[in-house]
Engineer: 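First the structure, which I've put down as structure tokens, then a few questions once you've had a look.
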Protein chains: 2
Amino acid sequence: MDASAETLARAIGERVKHERRALGWTLDRLAEHAGVSRRMVVSVEQGTVNPSVGTLLRLSDALGVGLPALVEPPASRASKLTRSGDGAVLWTGERGGRGMLVAGTEPPDVVELWDWTLHPGERHESEPHSAGTRELLHLLEGAITVEVDGQTHDLVAGDALAFLGDTDHWYANTSAEPARFSLAVFEPGVGAGRRNGEPDA
Amino acid sequence: MDASAETLARAIGERVKHERRALGWTLDRLAEHAGVSRRMVVSVEQGTVNPSVGTLLRLSDALGVGLPALVEPPASRASKLTRSGDGAVLWTGERGGRGMLVAGTEPPDVVELWDWTLHPGERHESEPHSAGTRELLHLLEGAITVEVDGQTHDLVAGDALAFLGDTDHWYANTSAEPARFSLAVFEPGVGAGRRNGEPDA
DNA sequence: ACGATCGGTGCAGTATCCTGCACTGATGGA
DNA sequence: TCCATCAGTGCAGGATACTGCACCGATCGT
């Protein structure tokens, strides 16, 4: 087990221990539920072993936290406040509409929260994001049309749409009033150490 | 290696192979970059072994995809439309405020988009979510106070706050007008098989 | 026809994951 | 005080992840 694997093992251990404590479980109980020896549970929690995915799967399953959550690198613990107007305006329409990124998380597993305003007649076409990207849109005011993967959806105020963002898609305001919506974008695992050199996909 | 571990191993194998192909790499090249024997690379891609996290870490690092992406189950491809008012109201305040879940993704990696209204004086205390949960809050109207992990933040309309949701936290409307905010909640890898029996956290 | 390269298999050896058990020390309740 | 329960350690042995090498068949360029 080399250095980076040890770091990972320790991080996994902390998470397992934290989850077990949160459930109020003893070592014996977790071992029994997971079908793993108690000795192994201790070793994993201490980060003194390099467990197989099979073992981790059993533990994460017993804890109910899902395997990816266990192997995720640690996230920063700080809260981050973005004051009104400090968001990044990453799109502006011809008639005053705009798309503003108001909050987001660090890689890996990027989640972004956007505040969009689309004036009548404006339309935004989005490049496909990376594989597995999902978007959640909640229309606050007005009416818009969303097309994703060839399917069009007409939304009115209050409607919400969940869709995959890894294909072509666009939003358009086809009504007479301005429209406003919140958009959550989730881009899984853009993380760690993407190498240079070769182009991707 | 039991049945579910075999399924996982095959899924991991497909992903490794897919990523290697996407980079146009040969087995030898991946083996060399990852510092893993070529024999092992083949075995992992075939899903015939139960690799250690250390081995997977080296592979994911060499491929530049991040370890969680390798162990993540595939997502469904459908769009889902929620009409106005069809969202699930999962909290109601004493004075008419409410928290409504308007859109969300399937496990694993749950992302939820909420629409919250907090009337003057109302306060919502949230149980800590599972480890790694992150929340993005965007205040649309009014003014609220958010406390997370002992820190309080005073927000006015337009402000946004990103924070970790795995500790105690609450939102309160301390102003004289109603407040409304969008909330994106990201809960990584709540996948697979959450057990029954014990309550969570 | 020939060599070079690639994906893939079979096998022996070794490194280590993993188990099972015995044990210690700390805590808490009757 | 005595007993039960808990977290954690040390160790021997079995199971298996992992390596290294030899080898096969298919494909491609000369």
Engineer: Could you check whether Ser43(B) gets within reach of a base, just the sugar-phosphate, or nothing at all, counting any heavy atom under 4.0 Å?
Structural biologist: nothing

Engineer: Can Asp28(A) and Thr26(A) be counted as having a side-chain donor-acceptor contact under 3.5 angstrom?
Structural biologist: no

Engineer: For atom CD of Glu32(B), is the number of surrounding heavy atoms from other residues, nucleotides or ligands below 6.0 Å larger than 12?
Structural biologist: no

Engineer: Can you tell me the distance, in whole Å, between the CE atom of Met40(B) and the P atom of dC21(D)?
Structural biologist: 18 Å

Engineer: Does a side-chain N or O of Ser52(A) approach OP1 or OP2 of dT16(D) to a distance below 4.0 Å, or not?
Structural biologist: no

Engineer: Got more than 12 heavy atoms from elsewhere within 6.0 Å of CZ, Arg123(B)?
Structural biologist: yes

Engineer: Using rotation axes that map the C1' atoms of four end pairs onto the next four (five pairs an end), what angle separates the end axes of the helix from dA1(C)-dT30(D) to dA30(C)-dT1(D), to 10°?
Structural biologist: 30°

Engineer: Does the side chain to side chain contact (heavy atoms under 4.5 Å, CB included) test come out yes or no for Glu112(A) and Leu183(A), once each step is laid out?
Structural biologist: CA-CA 8 Å; Glu112(A) 296 172 342; Leu183(A) 180 68; over 6 Å; no

Engineer: If only side-chain N and O atoms count, and only distance matters, is there a donor-acceptor pair under 3.5 Å linking Thr55(A) with Ser52(A)?
Structural biologist: yes

Engineer: Show your working on side-chain hydrogen bond (donor to acceptor under 3.5 Å, both in side chains) between His169(A) and Glu135(A) and close with a plain yes or no.
Structural biologist: CA-CA 11 Å; His169(A) 57 283; Glu135(A) 308 198 12; 3.0 Å; yes

Engineer: Using chain B heavy atoms and a threshold of under 4.0 Å, write down where along DNA chain C the contacts begin and end, 5' to 3'.
Structural biologist: dC6(C) to dC11(C)

Engineer: What is the ring orientation for Phe181(B) with Trp116(B), classed by angle as parallel under 30°, tilted 30 to 60°, or perpendicular over 60°?
Structural biologist: parallel

Engineer: Nearest nucleotide by nearest heavy atom, which residue falls closer to the 5' end of DNA chain D, Thr26(A) or Gly35(B)?
Structural biologist: Thr26(A)

Engineer: Return yes when atom CD of Glu125(A) has more than 12 non-hydrogen atoms of other residues, nucleotides or ligands closer than 6.0 Å, and no otherwise.
Structural biologist: yes

Engineer: Could you walk me through whether Leu137(A) and Leu155(A) pass side chain to side chain contact (heavy atoms under 4.5 Å, CB included), step by step?
Structural biologist: CA-CA 10 Å; Leu137(A) 187 158; Leu155(A) 308 193; 3.8 Å; yes

Engineer: With the sugar-phosphate defined as primed atoms, P, OP1 and OP2, and the base as all remaining atoms, what B/S/- string results for nucleotides 8-13 of chain D, 5' to 3', for protein heavy atoms under 4.0 Å?
Structural biologist: BBBB--

Engineer: Ring centroids only, cut at 6.0 angstrom: are His124(A) and Trp170(A) within range, meaning strictly under it?
Structural biologist: no

